[in-house]
Amino acid sequence: MNYKSTRDSSVKISAAQAIVQGISADGGLFVPEEIPQITMDEIVALGDMSYSERAAFVFSKYLTDFTEAEIRYCTDNAYSTKNFATENIAEISHLFDGAYVLELWHGPTCAFKDMALQILPYLLTTSVKKINLNKKVIILVATSGDTGKAALEGFADVPDTEIMVFYPRDGVSAMQKRQMITQDGANVNVCSIKGNFDDCQNGVKKIFTDEDVKKKLSDNGMMFSSANSINWGRLAPQIIYYLSTYAQLVKDGEIKAGDKINVVVPTGNFGNILAAYYAKNMGMPVNKLICASNSNKVLTDFINTGIYDRNRDFITTISPSMDILISSNLERLLYILTDGNDAQIREWFGALASSGRYEVSEDVKAKLQADFVGGFCTDEETKATIKEIFDKYSYTLDTHSAVAVKVYEDYKAKTGDNTRTVIASTASPYKFSASVLEAIDGKADQADEYEMVERLHEVSGYPIPKSLAELKNKAARFTDSIDKSEQEAYVLQKLGL
């Protein structure tokens with residue numbers, strides 16, 4: 001299995017090279033040259049395996065240059081109760097009739113990013129050895145809140161790596177910020193950007209593809225890689241939990257093998273729902289992929305119209321991990337929908353960079369709408385959904401998962417579709433205590449973050465995750481804040497170049 005660039009189909013590299021490199025030199029994203037197929041019998045057989053074994057099976061289809069022993073080393077180390085608070089790694093809550101909440105936040109940083117970022121350091125270090133790379137790997141990360149902490153946690157003190165995380169100064173929750181600025185590790189650095197997530201992400205992408213910067217690194221025995229979902233090693237692990245969930249639902253007798261399901265994903269950068277699309281195209285029966293946005297509804301508008309237009313107000317919401325106007329992983333989907341037309345991808349994404357807008361063909365729009373449905377909700381609707389679900393089921397949603405539930409409710413009311421549905425729950429409510437409490441009891445609270453955590457514990461009855469409780473008395477290590485124009489100079493200065 002080789003990997004191609006979305007902007008140059010002639011590029012062909014191994015999985016190990018794609019994981020180490022992170023992004024193609026031409027600015028494109030790496031994609032497998034074909035989507036491997038699995039049978040329904042193979043999916044059903046996953047039901048009798050541990051999560052680590054399920055992961056190893058799926059990786060064997062994509063990481064064909066890895067030995068079985070290398071893959072099992074990665075999966076066994078990542079997916080264990082050493083790292084996750086539950087033996088199942090991901091839990092399925094049967095919330096209401098016909099819908100299941102897939103809890104992806106039982107890892108060390110209480111967000112779905114742990115599902116990929118606990119294994120990425122193992123994939124990356126194994127890949128570095130496989131290609132005999134004698135360089136220090138510098139990992140640059142742009143985060144809207146959750147990726148940053150999960151990447152820091154995964155790469156802290158990993159030999160021959162250094163990680164730098166950039167986050168929007170006023171665009172993450174208090175708990176997300178605290179998780180990042182208190183991070184342990186001799187090889188980590190965190191800095192806020194005076195701007196939004198797109199500013200952070202654009203800066204990182206620009207540094208990645210700057211030939212002068214890359215040469216400086218190379219001359220000093222270093223190279224860049226990424227822990228964002230632009231890296232195939234970040235995206236591939238997310239395919240696993242959809243296949244795993246389908247297999248588990250069959251095993252539990254909730255669905256029959258071959259039954260189609262809907263998948264609802266609260267979406268910002270499009271990676272999580274793209275992983276479900278890969279699972280569908282591997283052989284998992286899917287009816288609709290429901291893309292749920294907050295008021296930054298650029299993806300909803302795109303799915304409905306075929307026009308991607310980031311020329312709009314950037315709205316700061318109570319679901320900050322979705323406050324994104326440039327969804328990087330959409331490039332991978334469009335590459336597939338155009339049958340690998342790299343010239344078309346270059347044209348569209350060149351237009352996005354220059355004018356902030358592009359429009360796909362009617363053919364591509366039809367293919368898009370055959371699989372995807374887009375919906376969005378406002379902050380007020382998000383809070384109302386948190387309260388509704390809490391009052392009805394004594395279940396506490398975070399501000400991102402509530403967006404998915406609301407969009408699903410709207411979709412079901414509009415279509416009458418009663419297909420069994422999996423709703424991706426992407427974060428613990430404790431990461432957004434202030435907004436969740438306000439939704440439940442109707443009062444805005446100016447209390448200390450940890451007073452709110454304690455109050456949410458009293459209200460919800462959910463145990464406070466140990467990793468969050470331990471932050472209360474940790475000192476902040478990282479207080480740097482820079483303008484977006486200073487990002488490249490900051491990176492070089494921190495690297496001593």
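Please read all numbers here as calculations on a predicted model, not as lab measurements. FYI, side chains are in, hydrogens and waters are out, and symmetry mates aren't considered; it's all heavy atoms of this structure.
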To the nearest 0.5 Å, what is the distance between [atom1] ([X]) and [atom2] ([Y])?
| X | Y | atom1 | atom2 | value |
| --- | --- | --- | --- | --- |
| I19 | L63 | CD1 | CG | 5.0 Å |
| K260 | T421 | NZ | OG1 | 13.0 Å |
| I138 | S225 | CD1 | OG | 10.5 Å |
| T305 | Q369 | OG1 | CD | 8.5 Å |
| K61 | M1 | NZ | CE | 9.5 Å |
| I43 | K251 | CD1 | NZ | 16.0 Å |

How about [X]: does its [atom1] atom have over 12 heavy atoms from other parts shown lying under 6.0 Å from it?
| X | atom1 | result |
| --- | --- | --- |
| K129 | NZ | no |
| D309 | CG | yes |
| N311 | CG | yes |

Donor-acceptor pair between [X] and [Y] side chains, under 3.5 angstrom:
| X | Y | answer |
| --- | --- | --- |
| Q248 | T245 | no |
| N287 | D417 | yes |
| T109 | K431 | no |
| S319 | T399 | no |
| D26 | S24 | yes |
| W105 | T426 | no |
| D363 | S361 | no |
| N272 | Y242 | yes |
| N294 | D323 | yes |
| Y246 | D259 | no |
| K113 | T147 | yes |
| Y79 | Q118 | no |
| N329 | S229 | yes |
| S460 | T396 | no |

Answer yes or no: is there a donor N or O on one side and an acceptor on the other, between the side chain of [X] and the main chain of [Y], under 3.5 Å?
| X | Y | answer |
| --- | --- | --- |
| R310 | I324 | no |
| Q201 | I326 | yes |
| D398 | H400 | yes |
| Y411 | G416 | no |
| Q37 | N281 | yes |
| Y122 | Y73 | no |
| K367 | L337 | yes |
| E53 | S50 | yes |
| S60 | F57 | yes |
| R346 | R7 | yes |

Are the aromatic ring centres of [X] and [Y] under 6.0 angstrom apart?
| X | Y | value |
| --- | --- | --- |
| H106 | F84 | no |
| W232 | F59 | no |
| F270 | F372 | yes |

* Full working for salt bridge (Lys or Arg N to Asp or Glu O under 4.0 Å) between D371 and K280 -> CA-CA 10 Å; D371 282 325; K280 175 187 188 295; 3.3 Å; yes
* Asked: Do the non-hydrogen side-chain atoms of V436 and I386 ever get within less than 4.5 Å of each other?
  ->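 They are in side-chain contact.
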* Do L334 and F349 have side-chain heavy atoms sitting under 4.5 Å apart? ->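 Yes, at least one pair of side-chain atoms sits under 4.5 Å.
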* To do: Go through the steps for E409 and K406 under the test salt bridge (Lys or Arg N to Asp or Glu O under 4.0 Å), then give the verdict.
  => CA-CA 5 Å; E409 288 176 338; K406 171 60 176 167; 5.2 Å; no
How close do [X] and [Y] get, heavy atom to heavy atom, and via which atoms?
| X | Y | answer |
| --- | --- | --- |
| S127 | V20 | CB-CG2, 3.5 Å |
| I303 | C291 | CD1-CB, 3.7 Å |
| A227 | A151 | CB-CB, 3.9 Å |
| F30 | G22 | CD1-O, 4.2 Å |
| V172 | S144 | CG1-O, 3.7 Å |

* To do: Give me the ring orientation class for Y358 and Y308: parallel if the planes are under 30° apart, tilted from 30 to 60°, perpendicular past 60°.
  =>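 Answer is parallel, since the angle falls under 30°.
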* Please test E388 against K392 for salt bridge (Lys or Arg N to Asp or Glu O under 4.0 Å), starting from the C-alpha separation and ending with a verdict. => CA-CA 6 Å; E388 172 204 339; K392 275 189 184 178; 3.7 Å; yes
* side chain to side chain donor-acceptor pair (under 3.5 Å) assessment of S321 paired with Q176 -> CA-CA 10 Å; S321 298; Q176 288 175 315; 3.1 Å; yes
* Asked: If you draw the axis of the six-membered ring of F66, does the NZ or CZ of K130 fall within 45° of it and under 6.0 Å from the ring centre?
  ->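 Judged by the rule (NZ or CZ under 6.0 Å from the ring centre, within 45° of its axis), K130 counts as positioned above F66.
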